[in-house]
Amino acid sequence: MNSHNILRDKSLALKVAKYINERCSRDKYTIMHVCGTHEYTITHFGIRSLIPKVDLRAGPGCPVCVASPVNIDLAVKLSLMDNVLVTTFGDMFKVRGSKFSLMDSKGMGGRVSIVYSIHDAVELARRNPDLEVVHFAIGFETTAPSTAAMILSNPPENFSIIPTHLLIPPAMLHLLNLGEVRIDGFICPGHVSTIIGVKPYLGIACSKRVPMVIAGFEPLDVLIGVAMLIDMINNGECTVKNEYTRAVRFEGNVKALEFMDKVFKVSDAYWRGIGFIPNSGLELRDEFSMFDARVKFDVNVEADYNMPPGCRCGDVLRGLIMPWECPLFAKVCTPENPVGPCMVSFEGSCSIAYKYGGFTFH
Amino acid sequence: MCLAVPAKILIIHNDKAIADFGGVQREIIITLVKNDVKENDYVLVHAGFAIQKIDEHSFKDIVNTWRTLLEH
């Protein structure tokens, strides 16, 4: 595949940027995306500097950043119990709950393993029948089908999960309902959309009168996505278009959606920095409750959490401010010593801005 | 977190496959795309699972459309 070279074609990128700039008939167009990988592409390739009238805002596109601190506290507590091993994806390892992260727990003698895939966690459970293996099942719609597939694959009895999967379209609707930031258009997350397809966005785009484009993750994907959005905004076209056709079908991944539906039911969920969002979480259906670590282990954690003093991750996650507008950014809060979750995760807006921000394309 | 990378399927064995990630080969789970893919197809892989087949030609269509549009 040579998509990389073609989708990073500098001369075509500059032409698309010119196309966008020529069509910006007002001072500012605010376009929000809700994906950490989009934020990486936008910041790493200096896309904001190419299209100065387009205010590209990052929304809550990092599941690690918005993960419920109560679930992290639960994972920490379980990892410190005898005969329990907690497995986690790498970017969740360092994120603190109310006090501690899984990394802190490991330092305190807790049993924690980083896995690449939930499949590896199930294999660990099979190979260690004397251990209870608890997987921290985090992620948006991109990740939830793999959790569902493993739950349906008849995993061993000593395997369970802490269900922390979240759904993106309800969060987009919530931000529009909050109305804290003007959103002229959305770039929809490409990999979430490979699973859910185009349909879940359509109702929101029509009812809230907000154009949306599903875009891929190369620089030209994002620029073409923005160009499509600017045309849609100018024409008052409130629908959903798909730029990422190489991976996103209208109907999504039907089999993955069936798996999710079999295993999970939709529930209200708490998003760190945002609060409770209706119908934005996934809980295991009753027939799979034996795989729910919260049911399996009689452990209580306090649902009491505030962002660290001075930390504005909540405002970053709701698109109210850019990372560098937080007074702690790059002063007391750095990837080495992160204060808030957005500086911890590789896909957090603050971490990306710290590592790659400030690049201007000439 | 939702990072997904393209890989070429080399050998399929039931719900698993050996896939090539630009020179590095590793096992992936293809349960979610099983009926849609065959050997030599490209898929997007996220957290060890193939989540969707990649249509190699469609990105060229989009780029060519924009190239044509911008050259006139």
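Excluded from the calculations below are hydrogen atoms, water molecules and symmetry mates; all remaining heavy atoms, backbone and side chain alike, are included. Order of the sequence lines fixes the chain letters, A, B, ..., with proteins taken first and strands second; residue numbering starts at 1 for each chain.
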Per-residue contact mode, B/K8 against chain A (heavy atom under 4.5 angstrom): neither

Go through the atoms of B/I51 and report whether side chain, backbone, both or neither lie under 4.5 Å from a heavy atom of chain A. both

Side-chain heavy-atom pair A/D9, B/R67 within 4.5 angstrom cut-off: yes

Interchain contact, B/I29 with chain A, by part (heavy-atom threshold 4.5 Å): side chain

Without swapping roles, check the side chain of A/N253 against the backbone of B/V33 for a donor-acceptor pair under 3.5 Å. no

Any A/F346 side-chain heavy atom under 4.5 Å of B/L3 side chain: no

Chain B contact via A/A149 - which portion, at a heavy-atom distance below 4.5 Å: side chain

Flag side-chain contact, heavy atom, 4.5 Å: A/M228 against B/W66: yes

Any salt bridge linking A/R249 with B/D55? Criterion: basic side-chain nitrogen under 4.0 Å from a carboxylate oxygen. no

Nearest 0.5 Å, what's the CD-OG distance between B/Q52 and A/S193? 11.0 Å

A/H119 NE2 to B/I28 CD1 distance, which is reported to the nearest 0.5 Å: 12.0 Å

Side chain proximity check, A/P145 to B/F49, heavy atoms < 4.5 angstrom: no

Quick check on B/N35 against chain A: is it the side chain, the backbone, both or neither that has a heavy atom closer than 4.5 Å? both

Heavy atoms, side chains only, cut-off 4.5 Å: are B/K53 and A/R246 in contact? no

Between the side chains of B/H46 and A/S146, is a donor N or O closer than 3.5 angstrom to an acceptor N or O? no

